[in-house]
Amino acid sequence: MAQTDQTSSQVAAAGTTSEEARQILDRLASRFSCRDFDHSPMDPDLLAAIVADGVQAPSSCNQQNWHFIIVTEPEAKRRATEIAGGNPHFETCSALIYLCFQKGWTHGNFSIVQSVAAACYHMMLSAHLRGYACIWNAGIGDHAALHDMLDLPSTFELQGALAIGTPRPTAPQMKAPRRPLEEVMSFGTFSRPDHAVYPAKPAKAYPYFEIGNASNPFAEWDPTRWSWDQIADFRGYSVWAKSPLAGVYVSRRQGDAQGVEHSLLPPTAHDVVEVMPWSGTSTVALDAALSVDAHLHVAELAQPNLDFIRERLKQEGVVRKALSFDLMAGGKLPYADQSMDLVVLPQVLEHVPDPEALLDDVKRILRPGGHVVLSSRNMSSAYGAHWRDVESVGQVPNQGPFTPIEASSLGDLVKARFEIEVACGIGREATGDAERLDGDDAETGRLFALRARRT
Ligand SMILES: Cc1cc2nc3c(=O)[nH]c(=O)nc-3n(C[C@H](O)[C@H](O)[C@H](O)COP(=O)(O)O)c2cc1C
């Protein structure tokens with residue numbers, strides 16, 4: 001996924017853009033989202049001025065049927081955070097501007113939604129030029145609770161909230177990567193490279209209102225129907241749905257399960273590879289489990305994942321002398337034969353187009369006597385039924401498509417290449433627990449995890 005160095009303003013500069021316009025465009029392009037504010041207050045007049053800039057945006061039929069509610073009171077921001085259920089920046093920002101519109105007018109092609117969005121982005125640019133940072137949130141939580149909190153009439157709809165404030169000095173200073181222009185733009189007719197068009201279940205039509213987060217009949221969860229490049233592309237951009245902050249993308253369930261996975265690590269290993277940790281949640285835990293002199297290689301499919309993980313580890317305070325970030329383009333591990341002591345695959349094989357080829361590659365890079373520690377979501381478990389009936393009915397998650405693998409089949413794939421030393425299940429229930437399951441129960445857990453040795 002090569003990044004082009006052709007920014008939109010550089011393209012414009014090649015045309016008729018004056019030096020002054022180019023500087024402004026470059027300044028606008030330097031905006032990036034912030035999700036870590038310093039709690040400082042902002043003058044209400046300044047907030048009103050930002051909204052005044054925003055309403056200079058165009059609106060459908062010039063109806064300006066938008067409405068913006070500015071929330072600054074700490075108690076109200078705390079309540080907004082509670083309703084959103086996991087946006088700490090709602091509490092630490094200076095102000096939340098709720099984006100609303102009046103229902104009943106100019107709905108064709110969502111034109112009222114397009115209008116509010118234009119105003120929101122204009123406010124973001126205004127805030128940016130004035131030295132403040134923002135984050136636009138569609139994820140605001142339960143609309144009924146928000147209508148109540150904001151005293152919003154039922155004839156008005158909520159579309160999102162813009163959080164504005166001053167970043168904490170330690171907040172990540174990184175802009176999410178942009179696709180090369182030629183991937184998202186074509187002259188005359190549609191043209192887009194294959195890796196940037198994602199698989200969907202074949203259908204005659206894809207009616208908009210049939211597609212939602214919880215229910216998407218067209219979602220293609222089977223990674224064998226995706227190419228390595230499509231998966232790389234998808235994961236690389238979507239990891240930036242959040243900022244690379246400490247603690248991002250961590251759930252308690254995952255944390256507890258990771259503890260059990262890492263209890264399978266061999267006592268010593270010097271050259272270690274972690275394969276496809278997506279956002280680095282497992283990398284933080286793995287770093288803590290390894291000896292200080294181990295060399296940890298993080299291998300991911302796309303450069304934007306590596307950039308995210310690098311910054312995230314910095315934010316988490318990880319200081320390891322030997323730490324490398326390596327691109328495994330096309331799903332190939334970029335290491336020499338027999339160069340590693342340990343390869344860790346944290347819930348990876350169910351995400352890849354060709355698990356057997358990846359296991360062969362793992363074997364290739366392991367020294368004789370070296371270990372692989374892996375886990376996978378298990379289809380033959382209570383979770384497997386939950387995945388079939390609930391999860392897989394919805395949208396493919398930002399980590400990419402996956403299909404749980406039956407523990408016994410996974411065991412067979414591993415046995416064909418390695419000597420299994422220990423295997424266990426993790427999590428008796430479909431979701432929630434991280435109980436370790438041994439013996440006859442090992443193949444019934446939500447996750448199936450094992451340590452195997454290259455002979
Ligand atoms: C319509 C819209 C909704 C968004 N909703 C959320 C959200 O609910 N939570 C969040 O953390 N970021 C949200 N974002 C922010 C995007 O993740 C962010 O803009 C994107 O990753 C690009 O990063 P940048 O803003 O730093 O350029 C939203 C952005 C847009 C445009």
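FYI, side chains are in, hydrogens and waters are out, and symmetry mates aren't considered; it's all heavy atoms of this structure.
- Without hydrogens or angle criteria, N87 side chain to H89 main chain gives no donor-acceptor distance under 3.5 Å.
- The closest side-chain heavy-atom distance from T281 to Q258 is below 4.5 Å.
- For the residue pair S111 and S60, a side-chain donor N or O sits within less than 3.5 Å of a side-chain acceptor on the partner.
- The number of heavy-atom neighbours closer than 6.0 Å to NZ of K103, taken from other residues, nucleotides and ligands shown, is above 12.
- At least one donor-acceptor pair closer than 3.5 Å links the side chain of Q159 to the backbone N or O of V113.
- Here the CZ-CD distance, from F234 to Q399, works out to 9.0 Å after rounding to the nearest 0.5 Å.
- For the pair M276 and L345, the minimum side-chain heavy-atom distance is 4.5 Å or more.
- In terms of heavy-atom proximity, S59 sits nearest to S115 at CA-OG, 3.5 Å.
- Looking only at atom types and distance, the side chain of S30 has a donor-acceptor partner in the side chain of H128 under 3.5 Å away.
- A donor-acceptor pair under 3.5 Å is formed between the side chain of Q230 and the backbone N or O of V197.
- Residues W278 and N398 form a side-chain contact, since some pair of their non-hydrogen atoms from C-beta on lies under 4.5 Å apart.
- Across all their heavy atoms, A299 and V273 have their closest contact at CB-CG1, 4.0 Å.
- Checked by atom type and distance alone, the side chain of T81 pairs as donor or acceptor with a backbone atom of E91 at under 3.5 Å.
- In summary, D433 and R428 do not engage in a salt bridge, as defined by a charged side-chain N under 4.0 Å from a carboxylate O.
- Inter-residue side-chain proximity for K175 and R31 is flagged as met; some heavy-atom pair is nearer than 4.5 Å.
- Under a 4.0 Å N-O distance rule, the pair E82/R78 qualifies as a salt bridge.
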Q: Could you walk me through whether I164 and C134 pass side-chain contact (heavy atoms from CB on, under 4.5 Å), step by step?
A: CA-CA 4 Å; I164 305 188; C134 296; 4.0 Å; yes
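- With a 4.5 Å cut-off on side-chain heavy atoms, S263 and R436 count as touching.
- Taking the six-membered ring for Trp and the full ring otherwise, the centers of Y98 and F156 sit at least 6.0 Å from each other.
- Remark: side-chain polar atoms of Q315 are paired, donor with acceptor, to backbone N or O of T170 under 3.5 angstrom.
- Between the side chain of E316 and the backbone N or O of G247 there is at least one donor-acceptor pair closer than 3.5 Å.
- The closest side-chain donor-acceptor pair between D256 and Q254, if any, does not fall under 3.5 angstrom.
- Remark: E429 engages no residue in a side-chain hydrogen bond (donor to acceptor under 3.5 Å, both in side chains) (not counting sequence neighbours).
- The line from OG of S375 to CG of L447 is 5.5 Å long, rounded to the nearest 0.5 Å.
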Exercise for the section: Determine, stepwise, if the pair F101 / E157 fulfils side-chain contact (heavy atoms from CB on, under 4.5 Å). Expected result: CA-CA 5 Å; F101 62 84; E157 188 63 81; 3.6 Å; yes
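- Formation of a donor-acceptor pair under 3.5 Å by the N378 side chain with backbone atoms of G445 is found in this model.
- With no hydrogens or angles considered, no side-chain donor-acceptor pair links S324 and D326 at under 3.5 Å.
- Each of F402, W221, Y198 was scored for a side chain to side chain contact (heavy atoms under 4.5 Å, CB included) with V396, with one residue passing: W221.
- By the 6.0 Å contact criterion, CG on D194 is open, its count of non-hydrogen atoms from other residues, nucleotides or ligands being 12 or less.
- Listed for the R235 side chain is no donor-acceptor partner under 3.5 Å among the backbone atoms of D233.
- Atom CG of D151 has 12 or fewer heavy atoms from other residues, nucleotides or ligands within 6.0 Å.
- Counting only N and O atoms by type, the side chains of E274 and T283 include a donor and acceptor under 3.5 Å apart.
- The two atoms that bring A442 and F448 nearest to each other are O-CD1, 3.5 Å, heavy atoms only.
- Atom CZ of R312 sits about 13.5 Å away from atom CE of M174, to the nearest 0.5 Å.
- Two residues are said to be in side-chain contact when any heavy atoms from C-beta on lie closer than 4.5 Å; S40 and S94 meet this criterion.
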TODO: Verify side-chain contact (heavy atoms from CB on, under 4.5 Å) between Q23 and E19, making sure each step is shown before the conclusion.
DONE: CA-CA 6 Å; Q23 279 175 9; E19 183 59 24; 3.3 Å; yes
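- Counting all heavy atoms, side chain and backbone alike, H351 lies closest to G400 at CE1-O, 3.5 Å.
- Here the SG atom belonging to C93 is positioned 13.0 Å from the CZ atom belonging to R35, to the nearest 0.5 angstrom.
- A distance-only check finds a donor-acceptor pair linking the side chain of S392 to the backbone of W387 [under 3.5 Å].
- Rounded to the nearest 0.5 Å, atoms CG (N305) and CE (M328) are 11.0 Å apart.
- Within the 4.5 Å cutoff, the side chain of W228 has heavy atoms near those of the V352 side chain.
- Annotation: the span from T72 atom OG1 to I70 atom CD1 amounts to 8.0 Å, rounded to 0.5 Å.
- Within the 3.5 Å criterion, the main-chain N or O of A161 finds a donor-acceptor partner in the side chain of N137.
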Audit row: H386, R446, side-chain contact (heavy atoms from CB on, under 4.5 Å) steps and yes/no: CA-CA 10 Å; H386 173 79; R446 184 175 75 249; over 6 Å; no
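- Scanning both residues, E300 and P277, for their nearest heavy atoms gives OE2-N, 3.4 Å.
- The environment of F190 atom CZ is dense: over 12 non-hydrogen atoms of other residues, nucleotides or ligands sit within 6.0 angstrom.
- Scanning all heavy atoms of the two residues, the minimum distance from S380 to A407 falls at OG-N, 3.6 Å.
- Every pair passing salt bridge (Lys or Arg N to Asp or Glu O under 4.0 Å) that includes a residue from residues 202-223 is listed here, sequence neighbours excluded: E220-R225, D222-R225.
- Put simply, the side chain of L306 reaches to within 4.5 Å of the side chain of V298, judged on heavy atoms.
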